[in-house]
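Report on one structure; see the data block that follows.
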Amino acid sequence: MNKKNMQTVLDTLKEMFPDAYCELDHANAFELTIAVLLSAQCTDKKVNEVTADLFQKYKTPDDYIAVPLEELEQDIKRIGLYRNKAKNIKALSQLLIEQYNGEIPPVHEELVKLPGVGRKTANVVMSNAFDYPAIAVDTHVERVSKRLGICKWKDSVLQVEQTLMKKVPKEEWTMTHHRLIFFGRYHCKAQNPQCEICPLLELCREGKKRMKVKVS
DNA sequence: CTCCCGATAT
DNA sequence: ATATCAGGAG
């Protein structure tokens, strides 16, 4: 995508979602890390329902270590992928205590060493908890970037991230990341994207293709 | 690449 | 019935 169209995308997203933000409820970096870990292949809404009780019951890494695995599994069962997630939360808590004084390290390279924390989760924690510029590429960011033609269809999530970092000014990385998610979640949805009323239709390769299929 | 996985939308 | 949801590990 050329510079002019990219600027149009950024301006339009800003108009559509001026105050996009992290929709995962959390009070600190530790809770945010747990929430993002739980959010894999699950809606934010569902995660928030579960963490409302979870964060009342568990406050520190020690609390997660103290509980039997089976009990923690039941506490998060409604999220899905719950066995892996419960195991990761306990291992992550253990590692935090052993190597990080029980605190979430504000360093990307350290975060990805934590069980259940990959590049995307680390980026979310860095940007939302530690105010560090980052673009986390989740399912929405990837889908939207590819549909609009910001990046190639066959790009990996890492390539998508690198392309976005190159095309977006660094000071706008975090906000743009949130706007791309809102755009993907509420407008350019996986099923039933709102192409008919999309202000970006003129520059959207996929959107124009979809509209053609509809009229014919 | 496959597996993990319940809940919700379509 | 099937697709999708703020992915990560083996």
Side-chain angles (χ1 to χ4, degrees), chain A residues 13 17 19-26 29-55 69-70 72-96 104 108-130 132-147 154-161 164 173-196 206 210 214:
Chain A
L13 287 176
F17 308 104
D19 48 8
Y21 61 97
C22 177
E23 294 193 292
L24 290 168
D25 296 337
H26 63 282
F30 182 58
E31 286 189 357
L32 177 61
T33 305
I34 301 293
V36 181
L37 187 156
L38 290 173
S39 72
Q41 299 293 289
C42 183
T43 58
D44 279 20
K45 193 177 164 195
K46 210 62 190 172
V47 173
N48 288 336
E49 284 176 25
V50 168
T51 55
D53 294 329
L54 195 74
F55 293 161
L69 178 60
E70 296 73 24
L72 181 56
E73 284 180 350
Q74 289 308 310
D75 288 335
I76 67 170
K77 193 168 174 55
R78 290 183 300 153
I79 295 260
L81 308 181
Y82 64 95
R83 279 190 286 254
N84 284 336
K85 289 173 181 175
K87 198 190 323 162
N88 283 333
I89 289 172
K90 284 182 76 70
L92 173 152
S93 298
Q94 186 75 38
L95 193 62
L96 282 181
I104 298 293
H108 184 96
E109 294 75 32
E110 303 298 328
L111 286 172
V112 294
K113 292 179 185 172
L114 301 173
V117 176
R119 184 176 183 84
K120 178 249 162 181
T121 300
N123 279 339
V124 172
V125 173
M126 286 305 294
S127 60
N128 287 297
F130 302 121
Y132 186 90
I135 298 180
V137 178
D138 70 340
T139 181
H140 298 299
V141 176
E142 179 179 10
R143 181 183 65 251
V144 166
S145 299
K146 290 182 176 180
R147 278 184 181 166
K154 293 193 269 190
D155 281 352
S156 65
V157 288
L158 182 58
Q159 288 172 313
V160 175
E161 181 184 332
L164 286 169
W173 284 359
T174 299
M175 201 54 193
T176 299
H177 151 74
H178 283 129
R179 286 178 180 144
L180 285 169
I181 289 189
F182 270 57
F183 183 66
R185 184 177 291 162
Y186 302 116
H187 186 91
C188 189
K189 298 178 287 187
Q191 302 172 284
N192 269 338
Q194 309 290 97
C195 300
E196 299 87 344
E206 186 64 16
R210 281 171 180 271
K214 260 198 167 173

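Residue numbering restarts at 1 for every chain, and letters A, B, ... go by the order of the sequence lines. Keep in mind the model is a prediction, meaning the values are calculated, not measured.
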Salt bridge (Lys or Arg N to Asp or Glu O under 4.0 Å) with [X]: which residues, sequence neighbours excluded?
| X | answer |
| --- | --- |
| A:Asp44 | A:Arg185 |
| A:Lys46 | A:Glu49 |
| A:Glu142 | A:Lys146 |
| A:Lys113 | A:Glu110 |

Tell me, which of [range] have any heavy atom that sits under 4.0 Å from an atom in DNA chain C?
| range | result |
| --- | --- |
| residues 138-147 of chain A | A:Asp138, A:Thr139, A:His140, A:Arg143 |
| residues 72-82 of chain A | A:Leu81 |
| residues 38-53 of chain A | A:Ser39, A:Ala40, A:Gln41, A:Cys42, A:Thr43, A:Asp44 |

Any stems for DNA chain C, made of 3 or more Watson-Crick or G-U pairs in a row, each with both distances under 3.5 Å?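 As far as DNA chain C goes, consecutive pairing (with distances under 3.5 Å) yields the stems B:1-4 with C:7-10, B:6-10 with C:1-5.
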Could you tell me whether the side chain of [Y] reaches within less than 4.5 Å of the side chain of [X], counting heavy atoms only?
| X | Y | result |
| --- | --- | --- |
| A:Arg147 | A:Cys195 | no |
| A:Leu180 | A:Leu164 | yes |
| A:His177 | A:Asn123 | no |

Is [X] touching bases, backbone alone, or none of the nucleic acid, heavy atoms closer than 4.0 Å?
| X | value |
| --- | --- |
| A:Leu180 | nothing |
| A:Arg185 | base |
| A:Leu37 | nothing |

Just to verify, what does [X] make a side chain to side chain donor-acceptor pair (under 3.5 Å) with, not counting sequence neighbours?
| X | answer |
| --- | --- |
| A:Asp75 | A:Lys57, A:Tyr58 |
| A:Gln94 | A:Glu98 |
| A:Tyr186 | A:Glu23 |

I'd like the 5' and 3' limits of the part of DNA chain C contacted by chain A, with heavy-atom contacts below 4.0 Å.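 So the outermost contacting nucleotides come out as C:dA3 to C:dA9.
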Would you mind reading off the distance between A:Lys85 atom NZ and B:dC4 atom P, rounded to a whole angstrom?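 A:Lys85 atom NZ is separated from B:dC4 atom P by 14 Å.
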